[in-house]
2 protein chains.
Amino acid sequence: MAIHKKEEFTQKEQDLANFAKAMAHPARIAILKVLAQRNACICGEIVDLLPLAQSTVSQHLKELKSAGLITGSIDGPRSCYCINWKAFEKYNSEFNFLFANLKVKNEKACC
Amino acid sequence: MAIHKKEEFTQKEQDLANFAKAMAHPARIAILKVLAQRNACICGEIVDLLPLAQSTVSQHLKELKSAGLITGSIDGPRSCYCINWKAFEKYNSEFNFLFANLKVKNEKACC
DNA sequence: ATCTTATATCGCAAATATACGATAAGATGA
DNA sequence: TCATCTTATCGTATATTTGCGATATAAGAT
């Protein structure tokens, strides 16, 4: 591959792609679900709910965090995670905007 | 890794993750944009518009097609691609549903 | 001070994704 | 038929992701 070409695209395209990448694993979607269902910051209960090792879950959490979709803070001996609604909503509307933009221009399929 | 654990999650989680994965590259987002802007099925004009080799673009098109986001048909010596609005809308609303589901349960950040 | 508990990180192995050149396949035009 | 043009596929190199066990770290309990 030699060089990645990702940075040759627009910032918007890259941002949206990064957001999508963060969502591109069922484990991470399941984590987001759990975080919301519990209506509170959950630490390692996630580990019990998912069919994955603790280190793997921790890694997925790290990815969600670095993508900005969740926030994490240390609470005594355990870690507390929450969905970052702001960022989530931003990407969601950006995604909808792209979709609406596409939709408006072409309605009839041609092939 | 030995075994992939992806199939241990629910079908909905997997579907949404697969959709996200298809969107998880700026080149593929750019392709979708082009397909919509041209308001018609575009074949290899995409190659001229993207900073990628023809074979690479073809591969991205294949992924979008196998994810069901675009359709393709042969038109003489060239190939014609279109956005599959139906599937796109389905995933979009599924995504929104997940988001709304999350949103309704938790509004105040706790960390 | 030491032990326990919870979590993050490191190191590694395997799988997948990304990218390209070369080549094949299919249709059109000379 | 043969050359050409367009697109798909193959083979290959490299990068990234996924997953786990082992280990480190940090706070609380004994």
Side-chain angles (χ1 to χ4, degrees), chain A residues 1-9 13-14 17-31 34-35 38 40-67 70-82 111, chain B residues 1-9 13-14 17-31 34-35 41-67 70-82 111:
Chain A
M1 182 156 64
I3 318 160
H4 10 49
K5 299 263 184 138
K6 289 187 180 176
E7 53 275 349
E8 302 209 17
F9 295 91
E13 284 162 354
Q14 291 183 56
N18 280 334
F19 168 68
K21 192 193 279 182
M23 305 274 296
H25 196 289
R28 292 196 285 274
I29 290 182
I31 287 173
V34 171
L35 284 181
R38 297 275 159 146
C41 318
I42 305 296
C43 37
E45 295 170 275
I46 303 166
V47 176
D48 298 331
L49 293 171
L50 300 196
L52 296 171
Q54 178 268 322
S55 57
T56 307
V57 171
S58 194
Q59 215 169 331
H60 282 302
L61 285 167
K62 192 182 176 185
E63 274 168 78
L64 285 170
K65 194 176 173 185
S66 79
I70 63 174
T71 58
S73 63
I74 296 163
D75 173 26
R78 61 204 81 202
S79 277
C80 170
Y81 286 101
C82 280
C111 59
Chain B
M1 184 157 60
I3 318 159
H4 11 50
K5 298 266 184 136
K6 289 187 181 175
E7 53 276 349
E8 302 208 18
F9 295 90
E13 284 162 355
Q14 291 182 56
N18 280 334
F19 168 67
K21 193 192 281 183
M23 306 274 295
H25 196 290
R28 291 196 287 274
I29 290 181
I31 287 172
V34 171
L35 284 181
C41 318
I42 305 296
C43 36
E45 293 169 276
I46 302 167
V47 175
D48 298 331
L49 292 172
L50 299 196
L52 296 171
Q54 177 268 322
S55 57
T56 307
V57 171
S58 193
Q59 216 170 329
H60 281 304
L61 285 167
K62 192 183 177 185
E63 275 168 78
L64 285 170
K65 194 176 173 185
S66 79
I70 63 174
T71 57
S73 64
I74 296 163
D75 172 26
R78 60 204 81 201
S79 277
C80 170
Y81 287 101
C82 280
C111 59

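Computed from heavy atoms alone, side chains included, the values below leave out hydrogens, waters and symmetry copies. Throughout, protein chains are lettered first and strands after them, A, B, ... in sequence-line order, and every chain is numbered starting at 1.
Position along DNA chain D of the nearest nucleotide to A/R28 versus B/P77 favours B/P77 as the more 5'-ward residue. Residue order along DNA chain C, read from the 5' end via each residue's closest nucleotide, puts A/V47 first among A/V47 and A/F9.
Between the side chain of B/R28 and the backbone N or O of B/K21 there is at least one donor-acceptor pair closer than 3.5 Å. Not one N or O on the side chain of A/H4 forms a donor-acceptor pair closer than 3.5 Å with the backbone of A/K6.
Counting to the nearest Å, the C1' atom of D/dT6 and the OH atom of B/Y81 are 11 Å from each other. The distance between atom NZ of B/K65 and atom C1' of D/dT9, rounded to the nearest whole Å, is 13 Å. Between the NE2 atom of A/H4 and the P atom of D/dT17 there is a distance of 9 Å, given to the nearest Å. Put simply, NZ on A/K5 is 9 Å from C1' on C/dC20, counting in whole angstrom units. In this structure, B/K6 atom NZ and D/dT18 atom C1' are separated by 8 Å, rounded to whole Å. If you measure from atom CE of A/M23 to atom P of D/dT18, you get 14 Å, rounded to the nearest angstrom. Atom-to-atom, CD1 of B/I74 to P of D/dC5 comes out at 20 Å; the value is rounded to the nearest Å. Rounded to an integer number of Å, the gap from CG of A/L64 to P of D/dT18 is 11 Å.
Of the inter-residue distances, the one linking B/K62 atom NZ with B/K65 atom NZ reads 10.0 Å to the nearest 0.5 angstrom.
Side-chain contact between A/I46 and A/L35: present, with at least one pair of heavy atoms (C-beta onward) separated by less than 4.5 Å.
Nucleotide D/dT30 forms a Watson-Crick or G-U wobble pair with C/dA1, both donor-acceptor distances falling under 3.5 Å.
Scanning residues 54-62 of chain B for heavy-atom distances under 4.0 Å to DNA chain C yields B/S55, B/T56, B/Q59, B/H60.
A/K21 comes within contact range of the sugar-phosphate backbone alone, with a heavy-atom separation under 4.0 Å but no base atom that close.
Closest to the A/S79 side chain, of the nucleotides C/dA17, C/dA19, C/dA8, is C/dA8.
Across A/F9 and B/L50, no two heavy atoms sit closer than the pair CE2-CD2, 4.1 Å.
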